[in-house]
Number of protein chains: 2
Amino acid sequence: MDTATAREQALDAAERLFYGRGIQSVGMDDIRGASGVSLKRLYQLFPAKEQLVEAYLERRDVRWRGELAAYVAREQDPKQRIIAVFDWLQEWFGDEEFRGCAWINAYGELGARSDRVAGQVRAHKQAFRDYLGSLVAGAELPDALTGPLHLLAEGAMVTAGVTGSTRPAAEARQAARSLLTVR
Amino acid sequence: MDTATAREQALDAAERLFYGRGIQSVGMDDIRGASGVSLKRLYQLFPAKEQLVEAYLERRDVRWRGELAAYVAREQDPKQRIIAVFDWLQEWFGDEEFRGCAWINAYGELGARSDRVAGQVRAHKQAFRDYLGSLVAGAELPDALTGPLHLLAEGAMVTAGVTGSTRPAAEARQAARSLLTVR
DNA sequence: GACACGGGAGAACGAACGTTCTCCCGTGGG
DNA sequence: CCCACGGGAGAACGTTCGTTCTCCCGTGTC
């Protein structure tokens with residue numbers, strides 16, 4: 001197995017386990033077992049667990065925002081694009097594997113202990129907010145809408161994560177529609 | 001030191017440390033050191049760490065919701081009471097000790113491993129939502145507003161926790177005002 | 001005064017886990 | 001064929017931490 005595929009399999013297993021069971025309750029040995037990558041190789045690729053965690057969050061960040069952007073881009077109408085964000089959230093919440101927002105969860109676990117993880121969470125949330133801002137600008141709506149839309153989305157992620165329901169996405173979409181059409 | 005005060009001091013220390021540094025990174029020995037309650041007593045009062053965690057979340061839930069309700073009750077106008085929720089959040093976010101929502105953080109740390117903690121988080125969030133619902137009903141507003149208001153509040157808590165800023169409260173309050181005055 | 005006892009200090013124990021080390025094998029080059 | 005070497009399996013090591021145990025002291029009771 002060459003280095004690139006070993007790295008990818010390690011990250012696949014790490015993501016599945018870290019996201020599904022939490023970071024601290026998954027040991028490096030669990031990742032070895034799930035990925036088939038030996039401990040020796042794991043430590044060559046990621047000299048410490050924290051670096052594996054960072055790589056997991058980093059890769060997931062790129063993919064998460066990419067998938068959201070691809071979904072939204074299918075919509076032509078600029079205002080509908082904003083609504084599509086909440087449609088996408090609803091689909092995500094309905095996924096069998098959904099267990100809340102990976103970054104909010106990671107922040108709860110490690111935010112107080114690891115500055116690097118805390119920084120990654122901040123960067124991810126800021127990037128999401130900036131993306132919403134770009135959609136708002138694209139629809140020629142006042143920039144002041146960005147904050148509220150972002151809060152609705154974050155609230156929906158938290159609430160869906162805790163309750164396991166997709167309803168928060170529908171509620172958030174409805175509220176977003178209402179905010180977009182006010183005066 | 002009698003049993004009641006030992007219990008209270010243990011819970012005081014547990015709350016300070018669990019909330020400030022995360023649950024998993026605080027050991028029983030840290031709590032002994034911070035509370036002055038010996039390990040022997042600690043384990044008489046709480047036969048396992050998980051029970052101390054549950055007692056911490058339980059006591060904090062009662063106090064948190066009580067303080068919110070007391071703050072809101074000072075307002076007479078039913079609609080202003082809803083806005084007052086966000087004023088209270090803003091004060092909370094500005095507190096020096098503020099480190100995000102204790103329940104969201106606990107869920108990120110333990111939600112996947114402890115059903116009891118996950119249940120407490122769900123119950124706390126449901127109680128908060130129900131409280132918002134009672135304010136909405138008191139203002140004779142449509143019940144459909146409860147969900148969006150709740151999501152704004154949750155989003156503000158998460159975002160303030162991650163960024164350390166009080167701004168999310170102001171944004172959420174503004175959005176709430178807007179939702180209340182539509183049509 | 002003798003003694004039972006609740007409690008404090010902190011050592012001890014055992015498990016979990018991050019990280020490293022040992023041993024061995026298969027392979028490719030000389 | 002020999003050998004160097006990259007890598008796998010998993011034992012080993014050291015630390016952390018939840019939990020329990022030991023030892024001792026002060027107090028209240030007869």
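In what follows, chains are A, B, ... by sequence order, proteins preceding strands, each numbered from 1. Worth knowing before you read on, the calculation uses all heavy atoms, side chains too, and leaves out hydrogens, waters and symmetry mates.
- Taking a heavy-atom distance under 4.0 Å as the criterion, the stretch of DNA chain D touched by chain A extends 5' to 3' from dG7(D) to dG8(D).
- Across residues 7-32 of chain A, V26(A), G27(A), M28(A) each have a non-hydrogen atom less than 4.0 Å from an atom of DNA chain C (numbered order).
- When the ring-ring contact (aromatic ring centres under 6.0 Å, His included) test is applied to F18(B), the partners found at least two apart in sequence or on another chain are Y56(B).
- Residue L17(A) comes nearest to V26(A) through the heavy atom pair O-CG2, 3.6 Å, listed as atom of the first residue, atom of the second, then distance.
- With contacts defined as side-chain heavy-atom distances shorter than 4.5 Å, the pair T159(A)/F93(A) does not qualify.
- The ring pair (Phe, Tyr, Trp, His ring centres under 6.0 Å) contacts involving residues 144-181 of chain B comprise F128(B)-H150(B), where partners must be two or more places apart or lie in separate chains.
- By the salt bridge (Lys or Arg N to Asp or Glu O under 4.0 Å) test, R32(A) is found to be paired with D29(A), residues two or more places apart in sequence or in another chain being considered.
- Note on R65(A) versus D61(A): salt bridge recorded, some NZ/NE/NH1/NH2 to OD/OE distance being below 4.0 Å.
- Contacts between residues 35-45 of chain A and DNA chain D, defined by a heavy-atom separation under 4.0 Å, are made by S38(A), K40(A), R41(A), Q44(A).
- Under the salt bridge (Lys or Arg N to Asp or Glu O under 4.0 Å) criterion, D130(A) pairs with no residue, sequence neighbours left out.
- Inter-axis angle, ends of the helix from dG1(C)-dC30(D) to dG30(C)-dC1(D), five pairs per end, rounded to 10 degrees: 20°.
- Not counting sequence neighbours, the partners of R60(A) by the salt bridge (Lys or Arg N to Asp or Glu O under 4.0 Å) test are E15(A).
- Taking R129(B) as the reference, E171(A) meet the salt bridge (Lys or Arg N to Asp or Glu O under 4.0 Å) condition, with sequence neighbours excluded.
- Ion pairing of D12(B) with R59(B) is present here, as a side-chain N (NZ or NE/NH1/NH2) and a carboxylate O approach within less than 4.0 Å.
- DNA chain C is contacted by A48(A), K49(A) of residues 46-53 of chain A, taking any non-hydrogen atom closer than 4.0 Å.
- Counting only distance, with no hydrogens or angles, the side chain of Q120(B) and the backbone of E54(B) share a donor-acceptor pair below 3.5 Å.
- Nearest approach of D143(A) to V136(A), heavy atoms of both residues: CA-CG1, 4.2 Å.
- With 3.5 Å as the limit, one finds a donor-acceptor pair spanning the side chains of R113(B) and Q24(B).
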Which donor-acceptor pairs under 3.5 Å do side chains of residues 96-103 of chain B form with protein atoms, sequence neighbours excluded?
from, atom 1, to, atom 2, distance (Å)
R99(B), NE, G20(B), O, 2.8

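- Using a 4.5 Å cut-off on side-chain heavy atoms (C-beta onward), E67(A) and W92(A) make no contact.
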